[in-house]
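Here is the structure we will look at, set down as structure tokens.
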2 protein chains.
Amino acid sequence: MSQKQLGIEAGFDPSSASPRMNQYEKGKHHPDATTVAKLCEVLGVPVAYLYCDDDDLARVIANFSKVGEKDRKRILAIVDTVKQS
Amino acid sequence: MSQKQLGIEAGFDPSSASPRMNQYEKGKHHPDATTVAKLCEVLGVPVAYLYCDDDDLARVIANFSKVGEKDRKRILAIVDTVKQS
DNA sequence: TGACTAAGAGCTTCTTAGCTT
DNA sequence: AAGCTAAGAAGCTCTTAGTCA
């Protein structure tokens, strides 16, 4: 998928979708939270995944919604063993 | 902790920390990603947690770094059973 | 066709100077 | 002290117009 096409599918004005996406990808400008959410939806990635710098946690975020109900409950049972402060 | 104090600890100019934080909390203005990261660091919350609208996944994100090494590996083993596309 | 960039119009936030509880 | 707001200064992005491979 081209930069331009991704922007168009995220709802950008088609006439400026190409430079806009390029400015984001090259780090010249930064998309706001709403724009990030739209791009993630098009790409099928959870927004939280982008804001995660722990590789292990990133794997969990990316796949949590794809595991079965039983496995989700097993994971929740594990994290719920943590003592709340 | 006061709004002002939180902003100061995140590195804002003390003379404008109070209105800035208030504008964020009341939704008048929106902090950029760098600012969000600093505020999360002060609050001890993973940034990914804020960008998560799935309550179950939010619990996992909030506590993943607090479970023991053995349990982290158990969780990773579960999510790694998902077939990659 | 697709990736990329400069420059300015337009829009947003940050700061100042307050008021209110 | 803490929460909150208006309004302008300061800063950023979005659009236009274009180049390069």
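It should be emphasised that the depicted structure is a prediction, and the values quoted were computed from it without experimental measurement. Numbered from 1 within each chain, the chains take letters A, B, ... in sequence-line order.
- With the nearest nucleotide of DNA chain D identified for both B:Lys4 and B:Lys28, B:Lys4 has the one nearer the 5' end.
- Residue A:Leu57 holds its CG atom at 9.0 Å from CG of B:Leu76, rounded to the nearest 0.5 Å.
- Between the P atom of C:dA17 and the CG atom of B:Asp13 lies a distance of 13 Å, rounded to the nearest Å.
- The distance between atom CG of A:Asp32 and atom C1' of C:dT12, rounded to the nearest whole Å, is 10 Å.
- No hydrogens or angles were tested; on distance alone, nothing pairs the side chain of A:His30 with the base of D:dC12 as donor and acceptor under 3.5 Å.
- A straight line from CG of A:Asn22 to P of C:dT5 spans 6 Å, rounded to a whole angstrom.
- Using a 4.0 Å heavy-atom criterion, one finds that B:Pro19 contacts the bases of the nucleic acid, with or without backbone contacts as well.
- If you take CD1 of A:Ile8 and P of C:dT1, they are 12 Å apart, rounded to a whole angstrom.
- Atom pair A:Phe12:CZ and D:dT15:P shows a separation of 9 Å (rounding to whole Å applied).
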- Query: Passes side-chain hydrogen bond (donor to acceptor under 3.5 Å, both in side chains), A:Ser16 versus A:Asp13? Steps please.
  - Reply: CA-CA 6 Å; A:Ser16 60; A:Asp13 185 323; 4.8 Å; no

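- The interatomic distance linking A:Leu39 (CG) with D:dC14 (C1') rounds to 14 Å, in whole Å.
- At whole-Å resolution of the value, NE2 in B:His29 and P in D:dA9 are 15 Å apart.
- You'll find that the side chain of B:Arg20 is closest to C:dT15, out of D:dG3, C:dA3, C:dT15.
- A donor and an acceptor atom sit less than 3.5 Å apart, one in the side chain of B:Gln23 and one in the base of C:dT15.
- The phosphate of C:dT16 has OP1 or OP2 within less than 4.0 Å of a side-chain N or O from B:Ser15.
- Rounding to whole angstrom units, NZ of residue B:Lys26 and C1' of D:dG3 are separated by 8 Å.
- A:Ile8 and A:Tyr24 end up in different hydrophobic clusters when Ile, Leu, Val, Met, Phe, Trp and Tyr side chains are linked at under 4.5 Å.
- Taking both residues in full, the closest heavy atoms of B:Asp54 and B:Asp56 are given as OD1-N, 2.8 Å, listed atom of the first, atom of the second, then distance.
- Between B:Glu41 and B:Lys38 there is no salt bridge, since none of the side-chain N atoms of the basic residue sits less than 4.0 Å from a carboxylate O of the acidic one.
- An OP1 or OP2 oxygen of D:dT13 is reached within less than 4.0 angstrom by no side-chain nitrogen or oxygen of A:Tyr24.
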